[in-house]
2 protein chains.
Amino acid sequence: MNVRTLCLGFLSTQEATGYEIKKEFEEGLFSHFIEASYGSIYPALNQLAADGLVTVREEEQSGKPDKKVYAITTAGHAALSKWLSVVPARDKYKSEFLFEMYLQHYLTAGHTVVAIEKQLSHLRDDLKCIDQCRAEGNSDEGATFIMGYGEAVLTASVSYLESKLVEMKSRAAKAAE
Amino acid sequence: MNVRTLCLGFLSTQEATGYEIKKEFEEGLFSHFIEASYGSIYPALNQLAADGLVTVREEEQSGKPDKKVYAITTAGHAALSKWLSVVPARDKYKSEFLFEMYLQHYLTAGHTVVAIEKQLSHLRDDLKCIDQCRAEGNSDEGATFIMGYGEAVLTASVSYLESKLVEMKSRAAKAAE
DNA sequence: TGATGCATGTAATCCGTTACATGATTCA
DNA sequence: TGAATCATGTAACGGATTACATGCATCA
């Protein structure tokens, strides 16, 4: 799924500027499974506008730069429906962390622990993000579904890593005896 | 992490051809968190050989095409150590499935169920793959770690989706009353 | 006889990230 | 005064996928 579809999908729920979309992708509901940079969002938005799938409205702001608010059109809704009617591609998960853990014998025990703790902190950040989204009142069916999924997966990862850390520490303690 | 590092990492555990590396990435231990096509693996291998990080040995086979077996060198081990000493980048997870679930109101209930069932079947395939790897005797520390992680995460996803399906069906039954 | 597995490779193309460019305001 | 936030955009670059090219053996 390209950035164009992602933007259009987001705009189907609310009007937004490119800046806001980026923020939503990295701090909001989608943060743990979507990524997009300004370098891809702004051109995508221009493309969507050129194709008549969204409209643009320029708004002046006092004390802040002007902004361009995008809103989905009827044609946009139709296009989105069509794109979504294709059963989605498989999830893509890439983990340097796991690859590194597989190659543990190359690492010192200390480095391994640091890597695990960093991974844990990323996972906890994502969990916190979901909690916050829930607190902010995202409660429609779609939001509930994806928050629940994220929570389930992230919680399982955290539990696993925590138990592994305990295991490693007790082993290290034994080895030190 | 680029394909070059991935290949070198794999070769640090065993000799292999490009073809075998691809297979291992898509059917083996790594299948759920690594992806690479021939179009990236073969050039990467040539690069590694040119840099002296691996050696190549051509083997003739009867009834099969010749193959090039790659093996890591001392310089390769050193380079890998260095690359791994950097704490790994954050995991990247991209899910069209979740995005589509967020936009459920665009979908028919039937389409949603189909999408969930397809997702479930992917997840179960990945789980089966891990089971098989375990059955085939991958039991060193690194392998155990990543198989356990994968299992924990995938199992949690499957449970979540299964419970969601039940929930949706009971709601549909109620609506039909 | 046609698909599948084994085996390697290249070129075109796509898509996205990174870095750069600009600029006002607010907060520490 | 310097960093962070708001706000939009382009150009260079990188990295990988896709499609193409080749060819033999085996199995259904």
Side-chain angles (χ1 to χ4, degrees), chain A residues 1-8 10-11 15-28 30 33-50 54-70 83 89-96 99, chain B residues 1-8 10-11 15-28 30 33-50 54-70 83 89-96 99:
Chain A
M1 193 168 314
N2 52 27
V3 177
R4 222 166 82 256
T5 312
L6 258 23
C7 289
L8 190 62
F10 181 72
L11 291 172
E15 292 187 356
T17 65
Y19 189 81
E20 286 162 355
I21 291 175
K22 171 75 156 59
K23 222 184 157 186
E24 204 56 36
F25 283 176
E26 78 188 13
E27 293 171 26
F30 313 106
F33 65 90
I34 281 183
E35 252 189 336
S37 61
Y38 290 128
S40 60
I41 291 173
Y42 286 122
L45 253 15
N46 287 327
Q47 188 63 48
L48 287 170
V54 299
T55 56
V56 204
R57 167 169 41 93
E58 255 164 291
E59 269 183 27
E60 282 170 49
Q61 299 185 110
S62 56
K64 282 183 194 175
D66 295 357
K67 63 179 182 181
K68 293 186 177 178
V69 181
Y70 292 85
W83 290 340
R90 236 189 134 123
D91 288 357
K92 269 162 205 172
Y93 175 55
K94 294 199 180 180
S95 178
E96 296 195 5
F99 192 67
Chain B
M1 191 165 319
N2 53 28
V3 177
R4 222 166 81 257
T5 312
L6 258 25
C7 289
L8 190 60
F10 181 72
L11 292 172
E15 294 188 354
T17 66
Y19 189 82
E20 286 162 356
I21 291 175
K22 172 76 156 57
K23 221 182 158 189
E24 203 55 37
F25 283 175
E26 78 186 12
E27 294 171 24
F30 313 106
F33 65 92
I34 280 183
E35 252 189 334
S37 61
Y38 291 128
S40 60
I41 291 173
Y42 286 121
L45 253 14
N46 287 327
Q47 189 63 50
L48 287 171
V54 300
T55 55
V56 205
R57 167 168 43 92
E58 255 164 291
E59 271 183 27
E60 282 170 49
Q61 299 185 111
S62 56
K64 285 182 191 175
D66 295 356
K67 63 180 182 180
K68 292 186 178 178
V69 181
Y70 292 86
W83 289 341
R90 235 188 134 122
D91 288 356
K92 269 163 204 169
Y93 175 57
K94 295 200 179 180
S95 178
E96 296 194 7
F99 192 68

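Lettering follows sequence order; numbering is per chain, from 1.
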Nearest whole Å is fine: how far is [N] [atom2] from [X] [atom1]?
X: Glu60(A); N: dG23(C); atom1: CD; atom2: C1'; value: 16 Å
X: Tyr38(A); N: dT17(C); atom1: OH; atom2: P; value: 13 Å
X: Tyr42(A); N: dG16(C); atom1: OH; atom2: C1'; value: 16 Å
X: Ile41(A); N: dG16(C); atom1: CD1; atom2: P; value: 11 Å
X: Lys22(B); N: dT4(C); atom1: NZ; atom2: C1'; value: 15 Å
X: Glu24(B); N: dA7(C); atom1: CD; atom2: P; value: 14 Å
X: Ile21(B); N: dA7(C); atom1: CD1; atom2: P; value: 13 Å
X: Asn46(B); N: dT8(C); atom1: CG; atom2: C1'; value: 9 Å

Distance-minimising heavy-atom pair for [X] and [Y]:
X: Phe25(A); Y: Ala36(A); result: CD1-CB, 4.0 Å
X: Leu11(A); Y: Ala16(A); result: CD2-N, 3.6 Å
X: Phe99(B); Y: Leu6(A); result: CZ-O, 3.4 Å
X: Val56(A); Y: Ala49(A); result: CG2-CB, 3.9 Å

Quiz item: Under 4.0 angstrom, heavy atoms only, what part of the nucleic acid is Gly39(A) near: base, sugar-phosphate, or nothing?
Solution: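 The residue Gly39(A) makes base contact.
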
Exercise. Check every strand shown and say whether Lys94(A) touches a base, only sugar-phosphate, or nothing at a heavy-atom separation below 4.0 Å.
Key: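 Touches nothing.
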
Quiz item: Who are the side-chain hydrogen bond (donor to acceptor under 3.5 Å, both in side chains) partners of Asn46(A), not counting sequence neighbours?
Solution: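 If we apply the side-chain hydrogen bond (donor to acceptor under 3.5 Å, both in side chains) test to Asn46(A), skipping adjacent residues, there are no hits.
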
Quiz prompt | Gln61(A) atom CD, over 12 foreign heavy atoms within 6.0 Å | solution =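 Enclosed: over 12 neighbouring heavy atoms sit under 6.0 Å from CD of Gln61(A).
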
Quiz item: Mind checking which nucleotides bracket the chain A contacts on DNA chain D, 5' to 3', with an atom under 4.0 Å from a heavy atom?
Solution: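 It runs dT5(D) to dT10(D).
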
Practice problem: To the nearest 0.5 angstrom, please state how far the NZ atom of Lys67(B) sits from the OH atom of Tyr19(B). | Solution: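 Going from NZ on Lys67(B) over to OH on Tyr19(B), the span is 11.0 Å.
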
Quiz item: 5'-most contact on DNA chain C: Tyr70(B) or Val3(A), nearest heavy atom basis?
Solution: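 On the 5' side of the pair lies Tyr70(B).
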
Quiz item: Starting at the 5' end of DNA chain C and moving along, which residue's nearest nucleotide shows up first, Ser40(A) or Lys64(A)?
Solution: Ser40(A)

Quiz item: With respect to the phosphate group of dA7(C), does any side-chain polar atom (N or O) of Gln61(B) fall under 4.0 Å of OP1 or OP2?
Solution: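 Result: yes.
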
